[in-house]
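Throughout, protein chains are lettered first and strands after them, A, B, ... in sequence-line order, and every chain is numbered starting at 1.
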Amino acid sequence: MAIDGLIILDGSGRPIIQSGYTAYPPAYPLLHIDTLNNALAQVSRESDVDPVLYVGPGIGESLAGSACCHIEVGGGLRMIASISGDEDPLVAFAFLQAFLEILQDYFGAVSTATLRDNFDVVYQLLEETLDSSGHPLTTSPNALRDIVLPPSLLSKLLASVSPSAPTSSSGRNTGGSFGGNGTGAAFASPIPWRKAGVRHNHNEILFDVVEEMRGIVGRNGVTLVSNVWGKIESNAKLSGTPDLLLTFTNPNVLTDCAFHPCVRLQRWTRDKALSFVPPDGRFVLAEYQHTSPSAVVSHLPVPLALKTNIDIGEFGGTVHLTLSSRLSTKELDNVEVELYLGDDASGAQCTTSSAGTGVGSVGGAEGSWSFDSRKKALRWEIPSMRTSGSWVLRGSWTSKSKTPRPAHAVHIRFDIPAYNFSSLKVDQLRLSGENYKMYKGVRGRSLGSIEWRW
Amino acid sequence: MEALNLITFTQNASRLGMRIQESFSEHTRDLSITRGAGSLFDMPDDKLKNIGRQLDSSSDREKLDAMKKLIALVSKGRNVSNYFPQVVKNVASQNLEIRKLVYIYLLRYAEHEPDLALLSINTFQKDLTDSSPLIRAMALRVLSGIKVPMIGSIVVLAIKKCAADISPYVRKAAALAIPKCFQLDPNHQPALIEIISALLRDRSPLSIGSAIIAFEAVCPTRLDLLHRQYRRLCRILVDVDEWGQVDLLNLLMRYARTMLPKPIVPPNSEGSDEELDPDLQLLLSSSDPLFQSKNPAVVLAVARVVYYAGPPSYLPKITGPLLRILGTSQAVERVVLGYLFAITSVHPHLLSSHYLRLLVRTDDAPQVKQDKIRLLINILTLDNYQAVLREFVEYAEDVNDQVVADAINAIGQCARLIPACTHQCLSALMSMLKSKHDIIVSNAVQVLKFLVQNQLLSGTLAPASTSQSPLTIISQLARRIDDIRHPQAKACVLWLVGQYSPTQEGGTVIEGIADWGPDLLRKAAKTFNQEDSLVKLQILTLAAKLFLLCPTDRTLGLLSRYVFSLGRYDTNYDIRDRTRTLTVLLAGISPAINGDDGAEDQGGVVLRREQVMKVLFDGKAGILDDGPRSGDNNALIGSLSLITGKDMHGDTILPEWLELGIEPSLRDSEDDVTPTPAPVQAISSSRIVKSSNATPVVLTPTGNSAPVRDARESFRDLDKFYADDSDKSEEFDSSSAEQDSDAGEEDDDSKEDEESDEERDNDADENEEDGEDVDEEHERQGRHEIQT
């Protein structure tokens, strides 16, 4: 048994794209869609739905149940992979993720509109990535681009012009030969993840080192746990078959690494250098974790501090939060503090202020607050936090319940541009196999997602 | 002459003009189509009539348009199989775009319209020799999708042909067509097995994954086909595509457990004396790098190999990677936590030092929170219980009721598993009784009941402070009965009070009964009618017990009789039954309890007080809470059953180890003539002798075998080969490269200047390219260039 089929649902829970399900009765996919929609209707937060839903038997001759594995795609869309038998749900989730990345690669943002505009491409992709017996085929975007042409305006023009070119006799030929050029090279490349014969006018490769800190701080202000999950995203526009060697000055800050298939694993284990022939376009070169180098303290410092004073009374409560940055050099951007106030919360009233932030405090620097009545959460946003000073949110909320049950933790998210927690530093990037000059760029970025208990 | 020329010239010019106009209008028309594809998706029904006409038209564009409309209808869930005959005609179209869409349509409907598909079978067969591998593969896919047993042998022939194709993509398609052909007609099995074993020998790692799928579908028990391929499959594992890796790892694990000798683990050693078969060692060492895959499914498949086929000393290897993939996505986290739970149920020590990675966050999904709590209980040790217990207390304030219940239960489990922390658990639970939230109080009460009962039973009464002794706890519970609203919790308290109110201490109001007992009965009697039937039953039991303890007390007698008469006329027959049982039981002590003054002698056996005591108070021992669920230990790691907790009727079973394994020489192939594969270091010397005895086929004389082997080894691994190669080239040009790159920076800058000059001169129709440049510039912003 394998993946029985794939469905994409729009924001209102109706299917837009649905794979064959040829081996199953027509009601089978509907059963999965209904199971998911029912489960979604029962919870207040969409993320509370179990990602693996059991779908009971009941249709057709099969006595066994099946499972509906689903992920949120963004823009209200959801993707479902139905599996039955004892298939590992991880395969389903890995495939959904891979398919989502392909769609993003082809259409940029995935939304109902882009899917409807390009349904023929989506179907071709589905046909090429998932065998009718439910086994994932090729999911490498480079190989797929050879088979399924991406919907750029230019390619559409060419595809439509050539067959209808004025001179009918030669037009037919050009049409055929064009198609031949476009797809004749399918799987001609000896390297499965890179297409053959790539040409770029400007050769460049850009790296984004994105790190996310996830941590929990206890109610006494002591960090319980904090980990950094890093990712090296890359965008390669290099001609030919470039063989790259990327070295770091401090590779020892990386632990538990995972690599794109193009990376030579043995080389990494031997001398901690990344040797690879990159795919063309965007890809994630590596994922890693960064943990505290010292054995004594098992966590990394959280770059901000929060003082909480939250009182729960009857039918509501009061909030008093004071936030300050602990970084000495960088600014924290897009700081977002969120407190879930419980299902019965009905409203909130707050004031924000900032103190000691210097003379040039611009309007709105102290941030703005809002109450999300759908998620029942109080949200406080500060566009930019300088290194000194403190930001204060004071207010109260009301609840329909006599004993309100807010979450006992405040969730803080933030960005730090041009900064890395691990201070990973690229030493060199060397190119062999081709002799052209290329532009090489590295950019760091850090995100944070901290849970502060009170 | 000139005039003639002029005439032809003007004619040509006008013709050219017309052509330009034509093509222009066609461009714009097509543009509107591409732009308005959304409207194509929502097109009104009357336009559908055109599709048939368009399909028959001679213009490729019309056909393409019609095909797109059809695919749009398919995506709307419409059945458009009635166009099948017209579509199938276009399969021979010269235009590749049309053909691809036609094949997509055919793939979907060929199974429903086998007869019509048969009509064009010649075209499919012809397409098998098309120059494009894409078309060859698609033709085979459609061909194998036609469910007519009659054409079975044609399909087999086609598969055979494609299995020898030069393109690995087509070979892959051939492998995937095999299960379909087998389903159609199992009689073809021998021929198909032949093709499969040819595909398994494939040099390219690209098609291996599909060959494995075919193997599992057609002949999963023919592991003997793998003997000679086993070592090669192990070695190419790294180069197979990620989906193939999952299937291949599962197959190799099955092979290892069926064909290789079980690792010998001496009972009292720490892994140093383990004896591993070299072939098993090969599997483990070649799958190890895949722990670094980005695909969570691959990581799990490797973990399965190590978990089910590796010796115990390898087990710790799986924790790091599994913890890493927890962070991939919420869905993956949910699934992996389920597997970790199953693993830690057997090997708790694997994760106990990593408990910090499993702490619950408030924004986790409820299911994830519950799984994490279960896991934390599993990995509880003397070293981490303090921290974990603190966490559980924290989770008791969660916003989800089920999570609260799990967390408070977990506190009870802590006390049960680590007796040293009982004291802490009790004080935590007692402080929860003051909570304003019903759900916390009622859960705390139920857990307290378990703890108190266990303590009293085991007799390990904490000699500690009196505030923690079980009886004080009960009295406190009795005092807080008004705040406890949850029926089950209330019933719990009532039962506890009744059970443990006998006391030897003097000075109580009623001799032999702790003071709180009768008072609680008084309170309960008042509210009897409003209570849940569960509580009513316990009030009755409490009344009976108290009455039995002191039948002479008048107030108590009256109170009990009142409660019994309420129970006797209750609407619930369960409660009436219980009342009757109890009153009859107590009839020996005081017939008046019946309420009708014993006017009629009911006969039968009348029990004495001691006997009734035994019935009511004894035999209430041993209600230990069930602890962690251990029901589905037979479900495998990496199976759906483990996640859904239901039997998914899967056919994956874990084969039992073979004690001795089969003869290793069977696995020798022409690839590795060398007697024993490289990794021999972990094997004891006696083992080497044994295995070299077992493989007598040594073709190269021992004298010069060493250099030969070295050469082979360095070429066996593609990566190593490349690595060595690149090393050399780097060394060769490293000095020049550094100079180059310095110069390169300047070059880059100057080049960009030139480009910007060019851009200004560019025509308007190259705007698109310009836009790209701007994007690039934008992307480069914020990045600093690598200084080499």
Tell me whether the count of non-hydrogen atoms from other residues, nucleotides or ligands lying under 6.0 Å of CZ in A:R445 goes above 12. no

Is chain A contacted by the side chain of B:P289, its backbone, both, or neither, given a heavy-atom distance below 4.5 Å? both

Ion pair A:R219/B:E394, N-O distance below 4.0 Å: yes

Determine, for A:R453 against B:E391, whether the closest basic-nitrogen to carboxylate-oxygen distance falls under 4.0 angstrom. yes

Backbone N or O of B:T362 within a donor-acceptor pair of the A:E451 side chain at under 3.5 Å? yes

A:Q124 and B:L101: CA distance, side-chain angles, deciding distance, side chain to side chain contact (heavy atoms under 4.5 Å, CB included) verdict: CA-CA 8 Å; A:Q124 286 184 54; B:L101 291 179; 3.8 Å; yes

Going by the rule salt bridge (Lys or Arg N to Asp or Glu O under 4.0 Å), which residues pair with B:D438 if we only count those two or more places apart in sequence or in a different chain? B:R485

Where B:N295 and A:A94 come nearest, the two heavy atoms and their spacing: OD1-CB, 3.1 Å

Assert top hit (heavy-atom pairs under 4.5 Å, partner chain B, pool A:N435, A:L137, A:I312, A:V43) equals A:L137

Sort A:F93 into side chain, backbone, both or neither according to what part of it lies under 4.5 angstrom from a heavy atom of chain B. side chain

Could you tell me which non-hydrogen atom of A:P89 sits nearest to which non-hydrogen atom of B:V335, and how far apart they are? CB-CG2, 4.0 Å

Going from OG on B:S329 to CD on A:Q97, what distance comes out if it is rounded to the nearest 0.5 angstrom? 6.0 Å

Closest non-hydrogen contact found for A:D256 with B:R324 is O-CD, 3.0 Å

Option in A:L53, A:D88, A:L96, A:V52 with maximal non-hydrogen atom pairs under 4.5 Å from chain B: A:D88

A:K402 NZ to B:K436 NZ distance, which is reported to the nearest 0.5 Å: 9.5 Å

For the atom pair CZ (B:R334) and CG (A:D50), what is the distance rounded to the nearest 0.5 Å? 4.0 Å

Report the C-alpha distance between B:R390 and A:L224 in whole Å, list the side-chain angles of each, state the deciding distance to 0.1 Å, and finish with yes or no for side chain to side chain contact (heavy atoms under 4.5 Å, CB included). CA-CA 11 Å; B:R390 264 201 304 278; A:L224 292 174; over 6 Å; no

Heavy-atom distances under 4.5 Å only: say whether B:L323 touches chain A with side chain, backbone, both or neither. backbone

Taking only residues two or more places apart in sequence or in another chain, which ones pass ring pair (Phe, Tyr, Trp, His ring centres under 6.0 Å) with A:H411? none

Between B:L300 and A:L90 the two heavy atoms that sit nearest each other are CB-CD1, 3.6 Å

Side chain / backbone / both / neither for A:P404 at chain B, heavy atoms under 4.5 Å: backbone

Using non-hydrogen atoms only, which part of B:Y339 is less than 4.5 Å away from chain A: side chain, backbone, both, or neither? side chain

Can you measure from CG (A:D48) to CG (B:N400) and round to the nearest 0.5 angstrom? 7.0 Å

If you take all heavy atoms of A:R405 and B:D398, which pair is closest and at what distance? NH2-O, 2.9 Å

Please state whether the side chain, the backbone, both or neither of A:A98 comes within less than 4.5 Å of a heavy atom of chain B. side chain

Test side chain to side chain contact (heavy atoms under 4.5 Å, CB included) on B:D241 and A:T138 and set out the steps. CA-CA 8 Å; B:D241 67 304; A:T138 175; over 6 Å; no

For the interface with chain B, which of A:S449, A:P136, A:C257, A:A286 has the highest count of heavy-atom pairs at distances below 4.5 Å? A:P136

Hey, which of B:D363, B:V332, B:I643, B:V246 has the most heavy atom pairs under 4.5 Å with chain A? B:D363

Would you find a donor on one side and an acceptor on the other, under 3.5 Å apart, between the side chain of B:K68 and the backbone of A:F119? no

Apply the test side chain to side chain contact (heavy atoms under 4.5 Å, CB included) to residues A:D343 and B:V399: give CA-CA distance (whole Å), side-chain angles for both, the deciding distance (0.1 Å), then the verdict. CA-CA 9 Å; A:D343 267 346; B:V399 289; over 6 Å; no

Heavy-atom proximity to chain A below 4.5 Å, by part of B:Q367: side chain

Residue selection (most heavy-atom pairs with chain A, distance under 4.5 Å) from B:E242, B:Q330, B:M67, B:K172: B:K172

Is A:P417 in contact with chain B via its backbone, its side chain, both, or neither, using a 4.5 Å heavy-atom distance? neither

Looking only at heavy atoms, which two atoms of B:R357 and A:W229 are closest? And how far apart? NH2-CH2, 3.9 Å

Report which part of B:I439 has an atom under 4.5 Å of a heavy atom belonging to chain A: side chain, backbone, both, or neither. side chain

Give, as side chain, backbone, both or neither, the part of A:F95 having an atom under 4.5 angstrom from any heavy atom of chain B. both

Salt bridge B:R141-A:E128, side-chain N to carboxylate O under 4.0 Å: yes

Measuring only between side-chain heavy atoms, which start at C-beta, is A:E127 closer than 4.5 Å to B:Y103? no

Do B:L640 and A:E87 have side-chain heavy atoms sitting under 4.5 Å apart? no

